[in-house]
Amino acid sequence: MKRALITGLTGQDGSYLAEFLLDRGYHVIGMVRRTSTLNFERVAPIQDDIEIVQGDLLDETSLRHIMREHRPDEIYNLAAQSFVQTSWQQAVLTGETTALGVTRLLNAIQQCDQDVRFYQASSSEMFGKVVEVPQTENTPFYPRSPYGAAKVYGHWITVNFRESYDLHASSGILFNHESPRRGLEFVTRKITYNVAKIKHGLARELRLGDLDPQRDWGFAGDYVEAMWLMLQQDEPDDYVIATGETHSVQEFCELAFGMVGLDWREWVVQDERYMRPAEVDLLIGDPSKAATVLGWKPRTAFPELVAMMMESDMELVGRQLTRPA
Ligand code: NAP
Ligand code: G4F
């Protein structure tokens with residue numbers, strides 16, 4: 001039985017990846033950080049099938065301990081301070097977690113077991129103010145936020161450990177991927193959840209920032225397969241994972257409101273508070289290397305993704321309405 005360690009188990013991707021690996025017969029070890037209240041909602045249905053261990057990317061000793069005690073064959077480093085907006089207010093914490101956290105984990109691997117296969121969750125935010133359209137594995141990086149800068153560091157330290165110590169370390173440059181499990185602070189889920197509240201009469205407006213940025217949005221459930229495929233290759237490498245399509249925040253609104261018979265223009269209010277000091281205007285990835293080498297292709301089209309999230313949030317808000325007081 002193969003053993004996989006997932007950091008960031010409690011996050012969106014951690015939950016989908018854990019399900020994916022369990023389905024393939026893995027023993028899944030999920031790293032969670034200590035919190036005063038448990039936040040296992042996303043993994044509740046599979047919690048008993050996972051070995052949960054405590055550790056923190058800020059604490060290298062905890063990572064070495066996990067390596068020695070649990071001896072994983074594969075490590076998926078999904079943990080991060082992942083919200084771009086927060087990275088301006090908490091730039092140092094973002095660097096400690098999202099950048100240096102990768103080095104701490106790689107140090108632990110290098111010291112404890114150099115045969116481990118390692119996946120780093122890199123991001124299309126590294127392309128930032130894009131210098132090429134579409135973005136490929138060879139497009140130069142131009143990050144536009146402390147988060148993007150931290151991910152560039154995490155990406156290059158992964159490449160460096162691969163080249164320095166011959167580690168099987170791969171980096172997935174994933175474009176935005178969403179799902180009904182997406183955090184409520186990210187724009188797609190903020191939209192679908194609030195559209196559902198408006199439709200149920202629980203909200204009167206949706207306050208958003210810039211509606212023009214364009215993103216290459218895919219489904220998280222499709223993207224975790226690509227992470228796994230990278231670690232099954234003979235040679236480690238870096239891959240862009242994307243749909244190859246881009247849509248604006250406004251288009252997302254039009255579609256989500258339209259699906260419940262509402263006109264977005266009557267409900268959306270632009271609010272300075274959600275504008276960013278520096279914006280990433282356009283992301284669109286070219287996933288052809290992943291298609292050729294990994295045999296990976298996205299399965300979920302943009303309208304299907306919006307519909308899946310809208311249906312889930314309509315049901316969720318409906319349940320909240322009918323719950324006895
Ligand atoms: P997410 O939902 O925000 O999950 C982040 C996870 O990291 C959570 O489990 C969180 O734990 C954990 N974490 C945060 N700080 C930690 C620390 N110091 N030590 C240990 N764990 C810590 O993110 P996601 O959307 O699943 O994304 C997964 C990874 O892919 C992240 O690295 C993200 O930056 C990257 N990425 C995401 C996308 C995307 O579109 N989703 C695209 C490209 C790259 P708590 O639950 O305790 O907060
Ligand atoms: O949903 P977002 O917050 O995602 P963002 O910044 O693209 O980052 C996500 O994807 C990255 C991959 O490219 C990941 F690495 C990262 O961890 C994260 O998962 O914002 C998307 C766009 C931005 O242009 C933002 O300015 O939506 C715009 N937006 C407009 N109004 C808003 C809002 N974003 C948020 N969160 N909230 C708003 O009210």
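Both ligands and their constituent atoms are indexed starting at 1 by order of listing.
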For [X] and [Y], test the side chains for any donor-to-acceptor distance below 3.5 angstrom and give the result as yes or no.
{"X": "T139", "Y": "E132", "value": "yes"}
{"X": "S170", "Y": "D237", "value": "no"}
{"X": "T103", "Y": "Y153", "value": "yes"}

Heteroatom distance test ([X], ligand 1): nitrogen or oxygen, under 3.5 angstrom:
{"X": "N77", "result": "no"}
{"X": "G14", "result": "no"}
{"X": "R33", "result": "yes"}
{"X": "E178", "result": "no"}
{"X": "H177", "result": "yes"}

Kindly identify the option in [options] whose heavy atom sits closest to [atom].
{"atom": "atom 26 (O) of ligand 1", "options": "D13, L38, T10, T35", "result": "D13"}
{"atom": "atom 4 (O) of ligand 2", "options": "V187, D212, N176", "result": "N176"}
{"atom": "atom 17 (C) of ligand 1", "options": "L63, L93, D56, V84", "result": "D56"}
{"atom": "atom 36 (N) of ligand 1", "options": "Y76, Y223, F40, Y147", "result": "Y147"}

Near [X], which atoms of ligand 1 are under 4.0 Å from a heavy atom of that residue?
{"X": "N176", "answer": "40 (O)"}
{"X": "R182", "answer": "25 (O), 39 (C), 40 (O), 41 (N)"}
{"X": "S122", "answer": "43 (C), 44 (C)"}
{"X": "M31", "answer": "20 (C)"}
{"X": "N39", "answer": "45 (P), 46 (O), 47 (O)"}
{"X": "G11", "answer": "2 (O), 4 (O), 8 (C), 9 (O), 26 (O)"}
{"X": "L174", "answer": "42 (C), 43 (C)"}
{"X": "A121", "answer": "29 (C), 30 (O), 32 (O), 35 (C)"}

Tell me, which protein residue and heavy-atom name are nearest [atom], and how many Å apart are they?
{"atom": "atom 2 (O) of ligand 1", "answer": "Q12 N, 3.0 Å"}
{"atom": "atom 21 (N) of ligand 1", "answer": "A79 CB, 3.4 Å"}
{"atom": "atom 28 (C) of ligand 1", "answer": "L78 O, 3.4 Å"}
{"atom": "atom 24 (O) of ligand 2", "answer": "E279 OE2, 2.7 Å"}
{"atom": "atom 23 (O) of ligand 1", "answer": "S82 OG, 3.5 Å"}
{"atom": "atom 5 (C) of ligand 1", "answer": "A80 O, 3.8 Å"}

Going by the atom numbers of ligand 2, which of them fall below 4.0 Å from some non-hydrogen atom of R182?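 With R182 as reference, the close atoms of ligand 2 come out as 9 (C), 18 (C), 19 (O).
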Heavy atom of Q85 under 4.0 Å from ligand 2? no
Should E96 be listed as contacting ligand 1, given a heavy-atom distance under 4.0 Å as the test? no
contact_flag T7 ligand 1 heavy-atom lt 4.0 Å: no
Does any N or O in the side chain of [X] come within less than 3.5 Å of the main-chain N or O of [Y], such that one atom is a donor and the other an acceptor?
{"X": "Q270", "Y": "G209", "result": "yes"}
{"X": "T97", "Y": "A80", "result": "no"}
{"X": "E251", "Y": "S248", "result": "yes"}

For a salt bridge (charged side-chain N to carboxylate O under 4.0 Å, His left out) check, start with the C-alpha distance between K2 and E74, then their side-chain angles and the critical distance, and finish with the verdict. CA-CA 8 Å; K2 269 199 190 168; E74 296 174 5; 3.3 Å; yes
If you measure every N or O of [X] against every N or O of ligand 2, does any of those distances drop under 3.5 Å?
{"X": "Y274", "result": "no"}
{"X": "G209", "result": "yes"}
{"X": "E185", "result": "yes"}
{"X": "W217", "result": "no"}

Pick one: which of Y16, Y119, F20 meets ring-ring contact (aromatic ring centres under 6.0 Å, His included) with W228? F20
Should D59 and R34 count as an ion pair when the cut-off is N to O under 4.0 Å?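 A salt bridge is absent here (no side-chain N lies under 4.0 Å from a carboxylate O).
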Are the aromatic ring centres of F141 and F127 under 6.0 angstrom apart? yes
Parallel, tilted or perpendicular: which describes the rings of Y223 and H177, with under 30° parallel and over 60° perpendicular?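 Ring orientation, 0 to 90° scale: tilted.
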For R265, is the CZ atom crowded, meaning more than 12 foreign heavy atoms sit under 6.0 Å from it? no
